[in-house]
> 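Okay, here's the structure, questions in a sec.
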Amino acid sequence: MNLASMLTEKVHQVALSVFDEAISRGDQSALFEVKQSDRPDLADYQCNAAMSLARTLGKKPRDVASMLQEPLQKSFGKDAVVSIAGPGFINFRFSDTFLVEAAERNLQTPKQGYKEVVRPSRIMIDFGGPNIAKELHVGHLRPHLIGDALQRLMRFCGDVITSDIHMGDWGTPIGMIIAQLKKEKPSLGFFAEDSTVVSAFSLSIEELGNLYKRSKASWDESDEFKDEARLATEALQSGRIKGYRDLWKHLRDVSLDDVKEIYKRLDVTFDLWLGESDVNELLPIMMKDLEDRGISESSKGATIISAAKMGLDNSPPLMLQKGDGGYTYAATDLATIWDRVTNRGAEQIIYVVDNRQSQHFQQVFAAAHLAGYAQPTTMLLHAGHGTINGKDGKPFKTRDGKSVKLKDVLDIAVQKVRDEMPQPGEQGATAEEIEKITNQISMAAVKFQEYINSRNTDYAFDIDNFTTFDGKTGPYVQYAAVRCKAIINKASAANILDGEMVVSDKTEREMLLNLLRFPEAIETAYTRKEPSLVAAHGYGLAQIFSRFYNTLPVLNEPDQTIRASRLKMVSYVQNQMGACFSLLGLPEPSRMLRKDYGNQLKRVPRNEL
RNA sequence: GUCCCCGUAGCUCAGUUGGAUAGAGCACAAGUUUCCUAAACUUGGGGCCGUAGGUUCAAAUCCUAUCGGGGACACCA
């Protein structure tokens with residue numbers, strides 16, 4: 001049960017019965033929205049409807065509120081106190097008994113009170129999009145982590161999700177690499193028009209990365225090279241030179257091996273490992289279709305769809321095929337939509353891609369609907385994300401203008417945690433356990449700092465963000481979860497049983513209320529495609545639990561009833577934290593390890609770490 | 001030139017369909033451990049919500065203007 005929706009419905013009902021036809025015209029359901037109170041000292045939930053209603057009813061806000069109060073109070077009975085405050089706020093304060101009952105009813109269900117979507121949708125999520133030959137840099141963190149959290153969230157909510165990595169494996173950069181390699185090693189068998197496969201050729205990811213950089217340099221300084229690269233791209237895409245396909249396949253495999261290594265560390269998964277190249281066969285068919293139906297046109301040697309046809313003002317045309325015959329990523333994206341809708345039955349496609357591409361998606365979506373490749377009911381959504389910036393407000397680069405490798409960031413985070421670990425043998429920890437926990441803590445640090453930021457806005461890169469373990473961080477949340485587990489384990493070892501919950505302290509009450517707000521957090525996160533709301537909920541829960549832990553004894557509580565009650569609360573907290581962890585793909589360590597600094601230890605100041 | 005995003009505490013950020021006293025983390029200051037792990041907890045200072053108008057009973061939130069930062073605008077993806 002979602003407390004906020006339950007209250008909203010109730011207010012709506014009551015308002016209809018009190019004011020009937022005066023407010024029944026039009027859809028006013030949003031008007032009655034009840035939300036978490038801004039003033040927890042006064043109320044759990046509040047409703048501002050009386051103030052908005054006052055005008056249409058021609059009454060004073062407080063009068064409207066009083067007219068609603070009595071029937072509302074009656075319908076809640078002893079479950080809640082309904083009161084009026086200020087200019088006309090209707091405040092709800094639940095009774096402790098109600099909270100306990102609601103908690104017992106909700107928290108044992110598989111989804112802890114969350115009700116799955118009524119009708120599941122077949123949804124494809126397109127995220128990741130690593131490019132061949134380019135090592136993942138820190139900027140890639142966002143689409144990967146946000147996309148992964150979204151697929152976890154939407155599956156949890158009941159949709160049928162298929163994730164696709166959609167590799168950038170078919171554009172001009174590949175042509176650039178081929179051209180560069182041809183320049184450097186023309187004797188390789190790939191380059192002959194009638195080539196045979198050359199099996200003895202292989203590149204490491206580092207070599208491939210360097211090759212790409214050299215090709216970029218050639219591209220920047222020579223028009224001749226640009227032509228070579230475009231020609232190579234076209235030859236690859238059309239299949240004119242067979243060896244290019246073999247070479248391309250090798251480059252793709254090398255790049256994939258590299259990204260898979262990182263995905264394993266980050267625990268990011270994909271159902272489909274497709275890329276731009278996978279619609280290659282479809283491209284000529286699509287182009288012909290568009291041309292036959294008069295949707296596309298040719299302009300300055302290229303094939304485009306005009307802005308006017310797409311119904312987009314202030315927009316350039318959408319270019320599908322360049323003057324040299326090569327396809328643009330608009331073409332592959334459009335064909336991919338066709339494929340996903342017709343062959344894979346997608347009812348909804350979500351793209352987790354940098355905000356800077358919003359115009360591109362606006363155009364491609366418009367074109368897809370125009371051409372009928374997407375059904376009118378197909379929902380195409382660009383769930384854009386901000387960039388990771390440097391102090392200058394631009395996408396992060398090191399002083400010498402390079403981007404920071406994602407692998408390096410992960411390694412630094414691991415090293416920082418490792419420095420804090422005890423020696424094998426200390427605290428009963430084996431080397432394997434230390435290694436495992438080190439990885440779990442460091443990955444939580446990296447991932448959580450991403451998830452605590454809003455999807456849509458930029459944030460500043462600071463290596464400390466990824467390697468800070470105090471406060472609003474992954475390790476903080478892990479620590480709280482581990483404490484729950486420790487109490488539960490200890491209780492079970494000592495045969496201490498949990499029992500009926502009673503609220504004996506306001507911290508307990510607040511914690512219960514927090515637990516009951518899980519469905520609200522999930523629902524809003526789902527609607528807004530916003531994983532940070534899940535992270536925020538998990539953090540809030542960890543925070544209230546930490547206060548609980550520090551102020552109220554559980555196993556050491558002398559009163560047996562209270563002890564049993566607190567133990568049950570702890571198990572609910574542990575359960576819900578587990579749900580949040582799995583929604584965000586955060587690892588849950590069995591325990592937290594740290595060097596024993598002794599009693600007088602004082603933590604090393606951050607800036608000396 | 002057109003369009004999009006952002007401007008909130010010293011720093012990094014929440015605050016979404018307008019409501020009560022604008023929140024959190026870090027940093028800073030002072031405390032808490034014979035007790036379930038101190039990566040924790042408690043307390044404190046700190047804000048003309050970029051600026052100026054407007055709409056409203058009510059504006060960080062909506063509108064207009066303006067300043068500042070970032071981004072996108074046909075042969076890169």
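Per chain, numbering begins at 1; letters A, B, ... match sequence-line order. Since we're looking at a predicted model, the values are computed, not measured.
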> Go through the structure and list residues passing side chain to side chain donor-acceptor pair (under 3.5 Å) with Arg528(A), not counting sequence neighbours.
none
> Confirm from the modelled atom types if Asp464(A) and A27(B) form a donor-acceptor pair under 3.5 Å, side chain to base only.
no
> Run the ring-ring contact (aromatic ring centres under 6.0 Å, His included) test against Phe548(A) and tell me which residues pass, sequence neighbours left out.
Phe545(A)
> According to side chain to side chain contact (heavy atoms under 4.5 Å, CB included), who are the partners of Asp462(A), at least two apart in sequence or on a separate chain?
Lys391(A), Asp464(A), Asn465(A)
> Could you pull out all residues at least two apart from Thr387(A) that satisfy side chain to side chain contact (heavy atoms under 4.5 Å, CB included)?
Asp354(A), Arg356(A), Asn389(A), Pro395(A), Asp458(A)
> Find the distance Phe469(A):CZ to G25(B):P and express it as a whole number of Å.
19 Å
> Given the rule that a pair is Watson-Crick or G-U wobble with both distances under 3.5 Å, how would you write RNA chain B in dot-bracket, using | for pairs to a different strand?
(((((((..((((.....[...)))).(((((.......))))).....(((((..]....))))))))))))....
> Between the base of U16(B) and the side chain of Arg528(A), is there any donor-acceptor pair under 3.5 Å?
yes
> Can you list the residues that meet the side chain to side chain contact (heavy atoms under 4.5 Å, CB included) rule with Ala429(A), with sequence neighbours excluded?
Glu433(A), Ile434(A), Arg591(A), Leu593(A)
> Assign a letter to each nucleotide of nucleotides 71-77 of chain B from its 5' end: B, base within under 4.0 Å of a protein heavy atom; S, sugar-phosphate only; -, no contact.
SSSBBSB
> When the C1' atoms of U56(B) and U61(B) are compared, how many Å lie between them, rounded to an integer?
13 Å
> Can you find a heavy atom in the side chain of His144(A) that is under 4.5 Å from one in the side chain of Leu136(A)?
yes
> Can you figure out which of G15(B), A39(B), A24(B) approaches the side chain of Asp470(A) most closely?
A39(B)
> Could you pull out all residues at least two apart from His360(A) that satisfy side chain to side chain donor-acceptor pair (under 3.5 Å)?
Tyr329(A), Asp333(A)
> Taking only the side-chain heavy atoms of Arg55(A) (C-beta and beyond), determine which of A20(B), U56(B), C41(B) contains the nearest atom.
U56(B)
> Could one point to a donor on the side chain of Gln46(A) or the base of A20(B) with an acceptor on the other under 3.5 Å away?
yes
> Check whether the aromatic ring of Phe89(A) stacks on the base of A20(B), taking stacking as ring centres less than 5.5 Å apart and planes within 30° of each other.
yes
> Map Pro87(A) and Leu552(A) onto RNA chain B by nearest heavy atom, then report which one ends up closer to the 5' terminus.
Pro87(A)
> Identify which nucleotide among G19(B), C13(B), A39(B) has an atom closest to any side-chain atom of Thr457(A), counting heavy atoms from C-beta outward.
C13(B)
> Starting the side chain at C-beta, find the nucleotide from C41(B), A20(B), C36(B) nearest to Asp38(A).
A20(B)
> Applying side chain to side chain donor-acceptor pair (under 3.5 Å), name anything that partners Ser403(A), two or more places apart in sequence or on another chain.
none
> What residues, two or more places apart in sequence or in another chain, satisfy side chain to side chain donor-acceptor pair (under 3.5 Å) together with Gln362(A)?
none
> Could you pull out every donor-acceptor pair under 3.5 Å between side chains of residues 481-499 of chain A and any protein atom, sequence neighbours left out?
unit_1: Lys485(A); atom_1: NZ; unit_2: Pro589(A); atom_2: O; d: 3.4
unit_1: Asn489(A); atom_1: ND2; unit_2: Lys485(A); atom_2: O; d: 3.4

> Between Asp559(A) and Arg563(A), is the closest basic N to carboxylate O distance under 4.0 Å?
no
> Are side-chain heavy atoms of Ser315(A) and Gln363(A) found at a separation under 4.5 Å?
yes
> Distances for protein N/O vs nucleotides 8-12 of chain B N/O pairs under 3.5 angstrom?
none

> Go through G25(B), A39(B), C36(B) for me and flag the one nearest to the Ile487(A) side chain.
C36(B)
> Quick one: label Ile84(A) by what it contacts on the DNA or RNA (base, sugar-phosphate, nothing), any heavy atom closer than 4.0 Å.
nothing
